[in-house]
Number of protein chains: 2
Amino acid sequence: MTSQAADGPEPVTATRRSKLTPQREQEFFDAVLEQIRECGYEAVTMEGVAASTRCSKSTLYRQWKTKPQFVVAALRSRRTARLAGIDTGSLADDLREAARATGRWSTNDTKLLQALGHAVTGDEDLARALREALIDPEIEALREILRRGVERGEVRAGHPALEYVPAQMFGVIRARPVVDGQYADQDYLVRFVEAAVLPALGLVHDPPQTQAAVHGMTGR
Amino acid sequence: MTSQAADGPEPVTATRRSKLTPQREQEFFDAVLEQIRECGYEAVTMEGVAASTRCSKSTLYRQWKTKPQFVVAALRSRRTARLAGIDTGSLADDLREAARATGRWSTNDTKLLQALGHAVTGDEDLARALREALIDPEIEALREILRRGVERGEVRAGHPALEYVPAQMFGVIRARPVVDGQYADQDYLVRFVEAAVLPALGLVHDPPQTQAAVHGMTGR
DNA sequence: CGCCATCGATACGATGTCGTACCGATACGC
DNA sequence: GCGTATCGGTACGACATCGTATCGATGGCG
């Protein structure tokens with residue numbers, strides 16, 4: 001809405017581009033996700049995306065039939081398991097590291113989740129894409145972390161708190177903005193894990209070094 | 001969209017009403033909140049609300065200048081501290097009772113929070129109304145419960161987990177739908193309190209073999 | 001070096017919503 | 001009983017967005 005570009009038929013930076021490169025597509029995806037974060041799903045317009053990427057509406061509609069399909073494609077481009085690969089050898093350290101990793105992207109992705117949260121209730125494809133892009137991989141990675149902790153005997157299998165760890169992590173991320181008025185960052189999430197998650201799992205850190213003694217400490 | 005009511009000048013229930021009664025206003029409020037839950041804030045239309053309550057758009061615009069103001073009024077009508085008044089004399093029981101009370105309305109209010117969650121980022125009045133209607137009273141009630149527990153000495157003041165209890169409660173309510181695919185009901189919330197919140201506060205009441213896993217290092 | 005696919009720009013019709021204006025009908029106060 | 005304020009109904013203009021169509025320009029492939 002702000003880009004009042006044209007005052008005449010000026011070929012200024014209007015570099016005519018040829019066939020879309022994957023990088024160019026990614027620009028579209030980044031732009032639409034950013035617009036979703038800022039304006040919400042409903043308020044996103046193809047025209048706005050076109051303007052912010054200096055392409056034309058036609059180009060977008062040529063590649064993707066409709067706005068929902070475009071957004072779905074954008075979400076798919078974003079699939080990354082950010083919690084995958086965490087394996088310090090200690091459940092407590094894994095969870096701390098997961099908190100740190102989560103804090104790195106939580107602001108951006110919280111906005112996205114928030115903005116799409118209701119739209120997905122009416123669009124099954126969108127819902128699936130959102131789950132596959134932002135939610136399922138992280139939940140699965142968390143469960144894997146917990147599973148390894150159980151295998152190592154750090155927590156007994158079937159410990160009642162195990163079931164709630166993923167919901168807790170996702171939960172505070174979404175709840176903190178409304179409770180405290182700010183997004184959950186790395187610091188907050190690590191403190192939360194220390195103060196609530198680990199104690200609930202019986203991995204108390206109150207006596208600071210008791211923990212390390214348990215398993216010989218291999219963290220980082 | 002579905003209500004194809006009229007086939008003629010039917011005086012059936014089309015009772016022409018006179019001045020709006022408070023009950024009538026409440027019908028409007030209930031209707032718009034229900035529409036928000038189902039369709040999202042953006043998709044709510046004054047015409048839809050008018051149709052579902054069989055009033056006319058004029059009537060709505062007569063009372064409230066604009067859609068946001070109408071929604072704000074509807075939210076204000078809903079102010080109720082549902083967790084207020086809980087006081088069993090025991091922190092653990094208070095929290096269990098809070099979980100039960102929360103579970104009673106969480107589905108409805110989760111939908112509302114979800115549907116309005118992004119809209120509030122662009123409307124300060126709406127944001128304040130939402131906080132005052134659904135969020136702040138419950139957070140304050142929870143903090144009051146915790147405060148009494150501290151006063152009774154059940155938890156030491158400054159216990160690190162205290163800070164996170166409200167965010168945890170609100171969090172799992174919002175996260176369960178995406179993690180487990182269903183809303184958090186009474187049963188889930190009570191189990192969550194038992195399994196995660198109470199242990200984190202050091203109020204465990206069932207230490208079966210959890211302790212063995214903690215200190216015994218080779219659990220299972 | 002020339003053709004053709006694809007780009008970017010823009011115009012367009014269809015649709016839907018906002019918020020206003022006007023209307024007749026009806027309940028309530030006097 | 002009558003007058004008036006308010007209701008319910010609908011028509012209206014303004015506006016925004018969707019998705020399509022058309023057109024000139026251009027880059028890449030043969």
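Here the structure is a predicted model, which is why all the values come from computation and not from measurement. Protein chains get the first letters and strands the later ones, always in sequence-line order, with residue 1 at the start of each.
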Under the side chain to side chain donor-acceptor pair (under 3.5 Å) test, residues paired with B:D30 that sit two or more places apart: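 Listed in chain order: B:Q26.
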Under the rule for side-chain contact (heavy atoms from CB on, under 4.5 Å), what residues qualify as partners of [X], not counting sequence neighbours?
{"X": "B:A50", "result": "B:C55, B:L60"}
{"X": "A:V190", "result": "A:A99, A:R100, A:E194"}
{"X": "A:T107", "result": "A:K111, A:Y183"}
{"X": "B:V178", "result": "A:I135"}

SB check B:E97 B:R104 (cutoff 4.0 Å):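 A salt bridge is present here (some side-chain N lies under 4.0 Å from a carboxylate O).
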Electrostatic pair B:E140-B:R147, nearest N-O below 4.0 angstrom: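 Between B:R147 and B:E140 there is a salt bridge, with a charged N closer than 4.0 Å to a carboxylate O.
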Just to confirm, is there a sub-4.0 Å distance from OP1 or OP2 of [N] to any side-chain nitrogen or oxygen of [X]?
{"X": "A:T59", "N": "C:dG8", "result": "yes"}
{"X": "B:Q63", "N": "D:dT6", "result": "no"}
{"X": "B:R24", "N": "D:dG8", "result": "yes"}

Atom pair distance, as rounded to whole Å: [atom1] in [X] and [atom2] in [N]:
{"X": "B:W64", "N": "C:dC18", "atom1": "CH2", "atom2": "P", "value": "15 Å"}
{"X": "B:L20", "N": "C:dA27", "atom1": "CG", "atom2": "P", "value": "14 Å"}
{"X": "B:E25", "N": "D:dC7", "atom1": "CD", "atom2": "C1'", "value": "14 Å"}
{"X": "A:R54", "N": "C:dT10", "atom1": "CZ", "atom2": "C1'", "value": "18 Å"}

Contacts of B:R78 that satisfy salt bridge (charged side-chain N to carboxylate O under 4.0 Å, His left out) - sequence neighbours left out: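 B:R78 satisfies salt bridge (charged side-chain N to carboxylate O under 4.0 Å, His left out) with B:D109 only.
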With A:D125 via salt bridge (charged side-chain N to carboxylate O under 4.0 Å, His left out) - residues at least two apart: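 Partners of A:D125 by the salt bridge (charged side-chain N to carboxylate O under 4.0 Å, His left out) criterion, ordered by chain and then number, come out as A:R128.
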Listed nucleotide nearest any side-chain atom of B:Y61, set C:dC7, C:dC18, C:dC28: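 Of all the options, the side chain of B:Y61 is nearest to C:dC18.
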Shortest side-chain distance from B:K19, nucleotide among D:dT6, C:dG8, C:dA27: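 So the side chain of B:K19 is nearest to D:dT6.
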Identify each atom pair where a protein N or O and an N or O of nucleotides 21-23 of chain C are less than 3.5 Å apart, giving names and distance.
{"unit_1": "C:dA21", "atom_1": "N6", "unit_2": "B:S58", "atom_2": "OG", "d": "3.1"}

Any residue of residues 66-76 of chain B with a heavy atom less than 4.0 Å from an atom of DNA chain C: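 Of all residues in residues 66-76 of chain B, the ones placing a heavy atom under 4.0 Å from DNA chain C are B:T66, B:K67.
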Interface residues of residues 34-47 of chain B with DNA chain C (non-hydrogen, below 4.0 angstrom):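 Going residue by residue through residues 34-47 of chain B, the ones with a heavy atom under 4.0 Å of DNA chain C turn out to be B:V44, B:T45, B:M46.
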Inter- and intrachain pairs under side chain to side chain donor-acceptor pair (under 3.5 Å), touching residues 166-181 of chain B, at least two apart: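 Counting only pairs at least two positions apart or across chains, the side chain to side chain donor-acceptor pair (under 3.5 Å) contacts touching residues 166-181 of chain B are B:Q114-B:R174, B:R176-B:D180.
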Ring pair (Phe, Tyr, Trp, His ring centres under 6.0 Å): pairs with one or both residues in residues 43-65 of chain A, sequence neighbours excluded: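 Of all non-adjacent pairs touching residues 43-65 of chain A, those that pass ring pair (Phe, Tyr, Trp, His ring centres under 6.0 Å) are A:F29-A:W64, A:W64-A:F70.
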